[in-house]
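Worksheet for the structure shown next.
Order of appearance sets the numbers: ligands from 1, and atoms from 1 within every ligand.
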Amino acid sequence: MQKAIGIFDSGVGGLTVSREVIARLPHENIIYLGDTARVPYGIRSPETVTRYSFENTRFLLKQEIKVLVVACNTASAVSLAAVKKEFPMPVIGVLEPGARAAVAATKSGRIGVIGTEATIGSGAYERAIKSLDPAAEFFGLACPLFVPLAEEGWTDNEVAELVSSVYLAPLREKRIDTLVLGCTHYPLLKGVIEKVMGPGVALIDSAVETAAEVADVLAKLNWVRQAPGPGTRKYFVTDSPARFERIGKRFLGDGAVTAELVQVGGA
Ligand code: DGL
């Protein structure tokens with residue numbers, strides 16, 4: 001099917017998910033919306049984030065998409081069920097693929113999840129993990145400073161190391177063996193998180209797991225795009241493209257990003 005995969009995030013972070021979808025499904029057309037005018041979602045109420053999710057989805061639907069990926073962990077945590085109910089196409093969030101991979105990876109049953117305040121506060125990861133393994137022990141932790149660190153590109157310096165060791169100290173005490181990177185930005189800090197948590201803790205990258213789920217859904221529906229060359233990529237933002245383009249290069253990891261300014265909903 002020629003139609004595109006629609007992906008939205010609160011801003012630039014969801015490009016970590018796009019990057020994995022492109023790596024896994026290079027022939028697919030991708031339309032990405034970064035709601036840069038209203039980022040961050042991680043400090044907002046579930047009602048507000050759900051309204052933003054609906055508006056973003058309506059915008060992407062107008063672009064003729066075949067499936068929707070809610071790349072934002074916060075939006076997935078608080079609004080995925082409502083988006084699935086409201087809109088007709090298949091909707092894939094980042095939370096369930098990460099939870100499934102964590103349950104598959106853990107040996108001790110002690111699983112940690114780090115994310116934004118809204119994601120951790122929603123309890124959605126805990127519910128997802130416990131529905132897969134009721135005996136699992138769950139430890140959630142909000143790490144809000146990781147988002148600006150990743151955007152600033154401070155992902156492997158002494159500031160990143162210090163912030164990580166202070167944030168993650170309580171999780172180290174819990175003797176978890178699996179840690180879900182439950183936020184779009186955290187894969188950029190993987191190196192430093194790995195260093196702080198030590199070799200005995202498996203890190204689960206929701207972006208990688210989500211891309212695998214997208215591939216599965218398309219294959220099951222027989223909607224994989226059959227084309228010889230790579231797919232097209234379009235990037236839309238709700239605020240000035242310059243910052244998105246500058247920071248986006250690092251998140252996407254494959255050359256220049258050009259974005260177009262659009263308006264969604266009331267933004
Ligand atoms: N995209 C958000 C997430 O994955 C992080 C940035 C924000 O707070 O909007 O939770």
Side-chain angles (χ1 to χ4, degrees), residues 6-21 32-57 60 68-80 83 91-99 102 112-126 128 140-155 163 167 179-190 193 203-211 213 235-239 243-244 247-248 250-252 259 264-265 267:
I7 303 179
F8 83 76
D9 177 52
S10 54
V12 73
L15 291 177
T16 55
V17 177
S18 281
R19 179 177 64 194
E20 299 302 335
V21 172
Y32 181 96
L33 171 65
D35 190 11
T36 48
R38 304 188 288 196
V39 69
Y41 285 8
I43 53 162
R44 303 195 193 283
S45 70
E47 294 73 24
T48 298
V49 173
T50 303
R51 178 161 56 83
Y52 293 172
S53 294
F54 277 28
E55 289 170 355
N56 296 340
T57 305
L60 285 171
L68 174 73
V69 180
V70 180
C72 180
N73 277 262
T74 303
S76 288
V78 305
S79 68
L80 194 74
V83 173
V91 180
I92 298 149
V94 283
L95 203 132
E96 274 171 28
V113 176
I114 50 177
T116 65
E117 281 175 65
T119 297
I120 300 303
S122 73
Y125 264 110
E126 181 163 17
L141 185 71
C143 303
L145 286 177
F146 281 173
V147 168
L149 279 179
E151 296 206 353
E152 197 59 35
W154 288 17
T155 50
V163 172
Y167 266 152
L179 178 61
V180 180
L181 306 178
C183 174
T184 47
H185 290 59
Y186 298 2
L188 273 81
L189 289 145
K190 214 185 221 168
I193 295 171
L203 299 190
I204 306 294
D205 183 338
S206 311
V208 174
E209 306 303 331
T210 303
E213 170 107 3
Y235 301 97
F236 294 104
V237 287
T238 55
D239 200 351
R243 186 168 193 272
F244 179 90
I247 299 175
R250 202 168 48 242
F251 277 69
L252 198 58
V264 305

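Every protein residue with a heavy atom nearer than 4.0 Å to ligand 1 is included here: D9, S10, V39, P40, Y41, G42, C72, N73, T74, T116, C183, T184, H185.
Within 6.0 Å of atom CD in E213, more than 12 heavy atoms from other residues, nucleotides or ligands are found, so the atom counts as buried in its surroundings.
Residues Y41 and Y52 place their aromatic rings such that the two centres sit under 6.0 Å apart.
Between L149 and T155 the shortest side-chain heavy-atom distance does not fall below 4.5 Å.
Side chain of T238 to main chain of A37: a donor-acceptor pair is present (N/O by atom type, distance under 3.5 Å, no hydrogens or angles).
Partner of F244 under the side-chain contact (heavy atoms from CB on, under 4.5 Å) criterion, out of Y32, F236, F251: Y32 alone. Exactly one of L181, V180, N73 qualifies for a side-chain contact (heavy atoms from CB on, under 4.5 Å) with Y186. That residue is L181.
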